[in-house]
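Keep in mind that what you see is a predicted model, and the values were worked out from it rather than measured.
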Amino acid sequence: MQRPDVPTTAQPGGSMTEGGEPSATLEAEQIQLLLDALPALISYIDDEERYRIVNRAYERWFGEDRASLAGRTVREVIGDSAYAAVKPRIDAVLGGQPQDFESRLVYRRSGRRHVRIQYIPHFGASGEVHGFFTLVADISEQKRAEEARRFLADVTALLDPVLDRDTSYRRVAELAVTSVADWCSVHTIEPDGALRARVIAHADPARAEAVSRLAQRSRIPPEAETPLHEVLHGGPGRLLSEIPDSVFAGVARDAEHFAALRALGCHSAVIVPIRGEECVLAALTLASAESGRTYTAADLAFAEELAQCIQVALQRMRLYDMARDAEAEARRRFLAEQEARRAAERAAQRMAGLQRITAALADALTGEAVAEVAVDQGAAAAGAYAGSIVVTAGDAIECLKAVGYEPETVERFRRMAVSDGLPLVEPLRTGAPVWLRTRKECAARYPDFTATALTSTTASLCCLPLLVQERPIGALGLSFAEPRPFDHEEQEFLLALSRQCAQALERARLHEERAAIIERERRVALENARLYREAHEADRRKDEFIAMLSHELRNPLAPITTGLELLRMSTGDRGDRDDSQILATLERQVKTIVRLVDDLLDVSRITRGKIELKRERFDVGAVVETAIESVRTLLAQRRHELVLSVEPGVLVHGDRVRIEQIVVNLLTNAIKYTNPGGRVSLSCAASGGDAWIRVTDTGVGISAELLPRVFEPFMQARRTLDRSQGGLGVGLTLVKRLTELHGGRVEAVSAGPGEGTAISVWLPLAGASAESAAAPSTEIPRSGAGALRVLLVDDNVDAAEGLRRILLLHGHTVAMAHDGPAALEAARASKPELVLLDIGLPGMDGYEVVRRLRAEPELRGSYIAAVSGYGQDQDRRRSREAGFDAHLTKPVATAQLLALVAEAAPRG
């Protein structure tokens, strides 16, 4: 139902009233004719966003009869993209607010247009909005002209500095893809006639780089016939409203190359020449792709105007180069005149300088003093800005003195080999001087030295041998800031200077040799005394370590021996024996031995750089809690009070296990070295970008002389006969080295014996972007695999028997062998699915056994794991290369064994 107060599209066939006045229908027809005559889109849209009146311009824009548009919604007519852009404006005008705005819209059928839109609300008698009138004017050409003028102004400003040709091309191309094109390229003709893409630009740099690589691999041959060739060979600019496939086919090497070019999506382009004074320098291409723009003759004229801007900039660059060359020539002539005057002055200065140098060398009694005079005064007399003197030192060459060079250059050539290809070394090999009059001459004779070591200040240099009885003992090098002819007069002066230096060095050498004999004898005596002290100290520490190791291993071995004796008692004579307690004791003491061995191995791995950190992000507080649980039994035994102050949310990025090891070692040390009933404090907080962990005790303290050495291996605060504290003295060594591996530092503080100790660890804080990982489970897994046929091979019968019992308890069938041949026979008989093979077997080792097992067709699918007391990286690599599927290090924990069985089960 149409509203009575809403205007509708007029229909033909209007009539007159009785009074002779035009009817409402006739008026509507006349209004419609007026609206149809206007080029802009004019319509009336009701409050349901449906067209009620449209003029004929809608037919031109959307290709449909206007009658078919009446009653349809705005979204249906203009399309989703344009509707999404104007929807907020429609809501505003239906709210009673007039709208007047400009926008770049993509219409359903008429494509992309820059328009000015006016929405005028239609109010009812009561002030309600029934709809709105629209006026849409296409201002695309106006905007395009404005953008062209603004773009050309930007190009002119961009090229205003004097730039080289390629930089000019690149800057224009990069500016073009921001407004007037999706792709912009500049091509030139190579000497062989082929085309080269000098610049390729796109709004997306990644796409431009990919196409540049494609262009570098693509050689457009001179015989190809394309619009690009026509323009580069002097033809006029070309307008390609639509780029035909023949253009791509003309430059494509094959079908794959053609597809890659077509995939760029270019469908319209203009190509214009960039001309020089006598020929075409390059061709500028503007192409559309994603924007869907179709270029017109106006765009071609704009592109030609853009090329003209580039031509003007290149002409300005050529004039600038000419002016610069003229200035350089004038400067060269001026310098030549100055050089002639300076040459005369130098000739007079040389003689006076040589006399002063000769007098100064007579007073120099050491090689360093001779070098000081030769370099300082010799360089000044020769007019050099820098100089150096080197002498032979055994098989090497040593720099005695250098002035005028950068410190890093001096340090680099502090010592040299006689075989080095350096100008300063050659006089020592040949006894002849080296004259390098220019940098070019230096580059020809010493290309590596010139490319890597010759400073930009040096324009020429000479290297003079220091001869004693025709034997080179050193060389004098002088560097000059300008090219030098090294004429006969100058060469004579420099060689006289080198002879004076050589004689002075020889006198100094004889004097120093006499003094050196006395000094050497004194040093030998001192060195012998030092070596004796060090050997004595090393021997003492070795004896103490062996005593510690013996004591620490005997401690757990004693209860293990007792427990084994109890377990051997007959079942009928159990008495009140508690087997579970005995087993717990055995387990605890075995873990003690394993910990001692692991500590020694960790110190060794870290020292050799073989330890690898498995980093993750976690809260240090969680690690502290786990570490406290590890030492809680020891705390209870020593009856210590534990005081905690742990700040939550202190995050680090490190190896959770190693940082827990740090905290456990700190706590264990504090507990052991504090008398029963003492207090141990642990605090953790974020401080100055670090996670700060501090463990303080009220224990025995550390003396001032021992404090600097507490982090050395095998050092302990106090050694007594009863060894009540236990340990091997490597705990704090591990703490320091693990902390440093994490990029942190550690510090020990103590007021002295009996005053307790505080040890602090600082670890770098992590960022705050992720949650810490959950702590790994320590529960021993139960084997969920089905029963497997297992072959155990180990010459240690007890060790094999222990593993056999564990496997039997979990339902597996187990065969055993104790040497290589027996293992092969047992494998052929039992066809095992899992083989646990010791490497260190007598006679035939495990590597040979695994190779023979792999050669058996029926055993190739067996899962074979190496069991060895060696677990370094090289041991694991060698076992893997020999054919083992896995590598277990003795002693094998139950959890490791069951995890291995679970891994082998799918293969079985």
Side-chain angles (χ1 to χ4, degrees), residues 346 349-407 409-418 420 422-435 458 461-480 486 490-520 522-523:
R346 285 198 299 268
Q349 292 171 354
R350 286 168 187 161
M351 292 308 298
L354 187 58
Q355 293 173 356
R356 289 194 301 271
I357 293 170
T358 302
L361 288 175
D363 296 331
L365 299 179
T366 65
E368 289 75 10
V370 171
E372 188 87 19
V373 172
V375 174
D376 287 343
Q377 298 188 30
Y385 81 91
S388 62
I389 188 167
V390 298
V391 295
T392 56
D395 295 333
I397 300 171
E398 183 179 281
C399 180
L400 280 186
K401 176 72 175 178
V403 296
Y405 300 108
E406 294 294 330
T409 302
V410 175
E411 187 60 32
R412 177 178 178 182
F413 296 105
R414 181 72 64 186
R415 289 184 68 85
M416 296 164 281
V418 178
D420 288 347
L422 301 173
L424 198 56
V425 174
E426 185 169 331
L428 287 167
R429 290 197 299 264
T430 64
V434 174
W435 311 102
T458 302
L461 64 154
C462 66
C463 301
L464 312 169
L466 304 180
L467 302 173
V468 174
Q469 297 179 352
E470 303 302 320
R471 176 178 58 86
I473 63 168
L476 173 65
L478 298 173
S479 298
F480 302 88
F486 294 121
E490 186 171 17
Q491 288 186 18
E492 286 297 322
F493 164 74
L494 293 173
L495 290 173
L497 174 63
S498 68
R499 286 193 293 271
Q500 293 293 331
C501 292
Q503 294 171 7
L505 276 177
E506 182 64 11
R507 289 195 304 270
R509 182 186 67 79
L510 296 173
H511 176 78
E512 289 175 338
E513 281 184 355
R514 289 192 294 270
I517 292 173
I518 299 172
E519 178 63 18
R520 187 163 52 250
R522 187 183 68 84
R523 288 181 179 178

Asks: Shortest non-hydrogen contact from Val370 to Ala508?
Replies: CG2-CB, 4.1 Å

Asks: Got Leu505 and Val391 here, is their nearest side-chain heavy-atom distance under 4.5 Å?
Replies: yes

Asks: Might you point out which heavy atoms bring Ala502 and Val468 nearest each other, and give the distance in Å?
Replies: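 Smallest heavy-atom distance, with atoms named: O-CG2, 3.9 Å.
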
Asks: Any heavy-atom pair between the side chains of Lys401 and Glu368 that's under 4.5 Å?
Replies: no

Asks: Supply the atom-to-atom distance Thr358 OG1 to Gln503 CD, rounded to the nearest 0.5 angstrom.
Replies: 9.0 Å

Asks: Which value, rounded to the nearest 0.5 Å, describes the distance between Gln469 atom CD and Glu506 atom CD?
Replies: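 Gln469 atom CD to Glu506 atom CD measures 7.5 Å (nearest 0.5 Å).
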
Asks: Would Cys501 and Leu497 satisfy side-chain contact (heavy atoms from CB on, under 4.5 Å), going step by step from the backbone distance to the final call?
Replies: CA-CA 6 Å; Cys501 292; Leu497 174 63; 4.3 Å; yes

Asks: So Arg499 and Leu467, do their side chains get closer than 4.5 Å, heavy atoms only?
Replies: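 No; the side chains remain at least 4.5 Å from each other.
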
Asks: For a side chain to side chain contact (heavy atoms under 4.5 Å, CB included) with Val425, tell me which candidate from Ile397, Val434, Val390 qualifies.
Replies: Ile397

Asks: How about Leu495 and Pro433: do any of their side-chain heavy atoms sit closer than 4.5 Å?
Replies: yes

Asks: Side-chain contact, heavy-atom cut-off 4.5 Å: Arg414 with Val410?
Replies: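 Contact flag for Arg414/Val410 side chains = yes.
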
Asks: Could you tell me the separation between the CZ atom of Phe413 and the CG atom of Leu422, rounded to the nearest 0.5 Å?
Replies: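 So the CZ of Phe413 and the CG of Leu422 are separated by 5.5 Å.
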
Asks: Supply the atom-to-atom distance Glu398 CD to Ile389 CD1, rounded to the nearest 0.5 angstrom.
Replies: 12.0 Å

Asks: Test side-chain contact (heavy atoms from CB on, under 4.5 Å) on Ser479 and Tyr405 and set out the steps.
Replies: CA-CA 9 Å; Ser479 298; Tyr405 300 108; 2.7 Å; yes

Asks: Between Asp363 and Val373, is the side-chain contact (heavy atoms from CB on, under 4.5 Å) condition met? List the steps.
Replies: CA-CA 10 Å; Asp363 296 331; Val373 172; over 6 Å; no

Asks: Step by step, work out the ring pair (Phe, Tyr, Trp, His ring centres under 6.0 Å) result for Phe480 and Phe486.
Replies: CA-CA 11 Å; Phe480 302 88; Phe486 294 121; 5.5 Å; yes

Asks: Are the side chain of Arg507 and the backbone of Leu361 linked by a donor-acceptor contact shorter than 3.5 Å?
Replies: yes

Asks: Would you say the side-chain atoms of Thr430 pair up with the backbone N or O of Glu426, donor to acceptor, closer than 3.5 Å?
Replies: yes

Asks: Looking at Glu513, I want to see if its CD is surrounded by more than 12 non-hydrogen atoms of other residues, nucleotides or ligands under 6.0 Å.
Replies: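 Correct, the count exceeds 12.
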
Asks: Only one of Arg514, Glu519, Arg520 clears side chain to side chain contact (heavy atoms under 4.5 Å, CB included) with Ile517; which?
Replies: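 Passing option: Arg520.
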
Asks: Looking at every heavy atom in both Ser498 and Leu466, which two are closest together, and how far apart are they?
Replies: O-CD2, 3.4 Å

Asks: Would you mind reporting whether Asp395 and Val418 have side-chain heavy atoms less than 4.5 Å apart?
Replies: no

Asks: Between Leu494 and Ala382, what is the shortest heavy-atom contact and its length?
Replies: CD2-CB, 3.7 Å

Asks: Would you name the heavy atoms of Gly367 and Leu400 that are closest together and state the gap between them?
Replies: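 Residues Gly367 and Leu400, closest heavy atoms: O-CD1, 3.8 Å.
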
Asks: When you measure from the side chain of Asp420 to the backbone of Ala417, do you find a donor-acceptor pair of N or O atoms at a distance under 3.5 Å?
Replies: yes

Asks: Any side-chain heavy-atom pair from Leu476 and Leu424 closer than 4.5 angstrom?
Replies: no

Asks: If you count every heavy atom of other residues, nucleotides or ligands that lies below 6.0 Å from Arg523 atom CZ, does the total exceed 12?
Replies: no

Asks: Are any non-hydrogen side-chain atoms of Trp435 and Leu464 less than 4.5 angstrom apart?
Replies: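 In short, these two side chains touch, coming nearer than 4.5 Å.
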
Asks: Can you tell me if Ile518 has over 12 outside heavy atoms packed within less than 6.0 Å of its CD1?
Replies: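 No, because the 6.0 Å sphere around CD1 of Ile518 holds 12 heavy atoms or fewer from other groups.
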
Asks: So, for Ala475 and Pro427, which heavy atoms are closest and what is the spacing to 0.1 Å?
Replies: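 Between these two residues, the closest heavy atoms are CB-CB, 4.4 Å.
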
Asks: With rounding to the nearest 0.5 Å, note down the distance linking CD in Glu490 to SG in Cys462.
Replies: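 Output value for this atom pair is 7.5 Å.
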
